[in-house]
Amino acid sequence: MKIKTLQLLFVAMTIASSFAQTEKGKFLIGLNTPLSFSSSSTRIIDNSGNSTDNNSSTSFTFSPQVGYSIIDNLFVGLDLSLSFGNVDSNSVETNSNSYVFSPFVKYYYPIKNDFNFFGQFKYGLGRLSSRSEGIGLLDPMSPNPNVTTKTNMEQLLVGLGVGYFVHEKLNIELSLNYQNIFYDSMVTFSGDQLAIDTFGASIGFSLFL
């Protein structure tokens, strides 16, 4: 009987400890990055088997955020998504960067042994800048190989994930996300509007103070 009582007390203390980490009045400082960071290159292979580098690309995105718990387990705050990309071909190099400011809502559901589930939602506005510079052999009919474009963005993200407190204040988090990004116009000035839907995963951490 005493052993069962001690076991129940231990479980209750564990749950209470996890609950206290996300209680009302806590600040959240977080950082997330997609698992889809990429670097790639393509080659052209002729009939003789000789290959020539055609283009290469890299991209990286990360999202720092700051929030505050208005009630136990429920945080509201501001997220800043930053993205950087580069595409280098034989004739044109394109560098792009974007930022999106997004208010967010994030809810934690603590479970025993320092594990927790969470859900998050954010919607924000930002801007994409892209610059293409001509290199190597250029099309002589092209009047201006150096082009800079800018467009406004809207971003929506919904995610569900699981976390683990490796320290009483530090939660390591893995989430599955749906993201929609809407651009006012395509960078080619075609006048078309572009929307990209993405399902992906991200890993990050949250620090509770």
Side-chain angles (χ1 to χ4, degrees), residues 29-45 51-67 77-106 120-161 173-206:
I29 299 174
L31 178 67
N32 291 280
T33 185
L35 298 178
S36 59
F37 163 74
S38 65
S39 176
S40 63
S41 62
T42 61
R43 295 176 298 153
I44 296 176
I45 303 175
S51 64
T52 304
D53 291 339
N54 185 38
N55 63 62
S56 61
S57 63
T58 58
S59 62
F60 182 67
T61 301
F62 66 98
S63 300
Q65 57 183 205
V66 177
L78 185 65
D79 176 285
L80 173 60
S81 294
L82 300 170
S83 297
F84 305 91
N86 172 271
V87 178
D88 188 358
S89 69
N90 288 334
S91 59
V92 178
E93 180 180 8
T94 302
N95 292 285
S96 62
N97 61 80
S98 66
Y99 64 87
V100 180
F101 287 99
S102 304
F104 74 87
V105 178
K106 194 170 187 179
Q120 59 181 334
F121 172 86
K122 64 179 182 179
Y123 174 80
L125 303 174
R127 193 163 179 82
L128 168 70
S129 298
S130 176
R131 177 169 176 80
S132 298
E133 298 182 353
I135 57 177
L137 296 177
L138 298 175
D139 183 356
M141 300 301 293
S142 176
N144 183 11
N146 300 325
V147 178
T148 299
T149 60
K150 296 183 179 181
T151 183
N152 294 324
M153 303 168 54
E154 298 178 38
Q155 182 188 72
L156 178 148
L157 182 141
V158 179
L160 295 173
E173 303 176 352
L174 175 66
S175 64
L176 299 177
N177 310 304
Y178 162 75
Q179 178 178 261
N180 172 270
I181 299 179
F182 175 82
Y183 300 90
D184 279 354
S185 62
M186 297 183 68
V187 295
T188 57
F189 293 108
S190 64
D192 295 331
Q193 292 180 312
L194 175 66
I196 300 176
D197 297 297
T198 305
F199 290 92
S202 65
I203 188 169
F205 69 85
S206 291

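In what follows, residues are counted from 1 in the order of the sequence shown.
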J.: Could you state the interatomic distance from CG (L174) to CG (L160), rounded to the nearest 0.5 Å?
T.: 11.5 Å
J.: With a 4.5 Å heavy-atom cut-off, do Q120 and E173 have their side chains touching?
T.: no
J.: What are the two closest non-hydrogen atoms of N177 and S202, and how far apart are they?
T.: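 Closest pair (atom of N177, atom of S202, distance): ND2-OG, 3.1 Å.
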J.: Just jot down the side chain to side chain contact (heavy atoms under 4.5 Å, CB included) partners of S83, sequence neighbours excluded, or say none.
T.: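 Scan of S83 (side chain to side chain contact (heavy atoms under 4.5 Å, CB included), adjacent residues dropped) gives T61, S98.
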J.: Can you tell me how far NZ of K122 sits from CD of Q155, rounded to the nearest 0.5 angstrom?
T.: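 It is 5.0 Å, given to the nearest 0.5 Å.
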J.: So, for F104 and L78, which heavy atoms are closest and what is the spacing to 0.1 Å?
T.: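 That closest heavy-atom pairing would be CE2-N, 3.3 Å.
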J.: Considering all heavy atoms of both residues, which atom of L128 and which atom of S96 are nearest to each other, and what is their separation?
T.: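 Where L128 meets S96 most closely, the heavy atoms are CD1-CB, 4.3 Å.
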J.: Supply the atom-to-atom distance R127 CZ to D184 CG, rounded to the nearest 0.5 angstrom.
T.: 8.5 Å
J.: Report the residues that fulfil side chain to side chain contact (heavy atoms under 4.5 Å, CB included) with F84, sequence neighbours left out, ordered by chain and then residue number.
T.: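 For F84, the residues satisfying side chain to side chain contact (heavy atoms under 4.5 Å, CB included) (neighbours in sequence not counted) are F62, L82, N97.
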J.: On a heavy-atom basis, which atom in F121 and which in V158 lie closest, and how many Å separate them?
T.: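 What the structure gives for the nearest pair is CD1-CG2, 3.6 Å.
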J.: Identify, with sequence neighbours excluded, every residue that meets ring pair (Phe, Tyr, Trp, His ring centres under 6.0 Å) alongside F182.
T.: none
J.: Can you check whether Y123 reaches E154 side chain to side chain, under 4.5 Å on heavy atoms?
T.: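 SC-SC contact between Y123 and E154 confirmed.
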J.: Quick check: do L176 and F199 have side-chain heavy atoms less than 4.5 Å from each other?
T.: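 No, side chains not in contact.
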J.: When rounded to the nearest 0.5 angstrom, what distance separates OG in S59 from CG in N86?
T.: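 Here the rounded value is 10.0 Å.
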J.: If the condition is side-chain hydrogen bond (donor to acceptor under 3.5 Å, both in side chains), which residues does T94 pass it with, not counting sequence neighbours?
T.: S132
J.: F205: what forms a ring pair (Phe, Tyr, Trp, His ring centres under 6.0 Å) with it, not counting sequence neighbours?
T.: none
J.: Of all residues at least two apart in sequence or in a different chain, which pass the salt bridge (charged side-chain N to carboxylate O under 4.0 Å, His left out) check with R131?
T.: E133
J.: Identify the two heavy atoms, one from A195 and one from N180, that lie closest to each other, and give their separation to 0.1 Å.
T.: CB-ND2, 4.4 Å
J.: How many angstroms lie between OG in S129 and CG in N95, if you round to the nearest 0.5 Å?
T.: 11.5 Å
J.: Quick one: pull up CG in L157 and CG in D79 and give me the separation to the nearest 0.5 Å.
T.: 8.5 Å
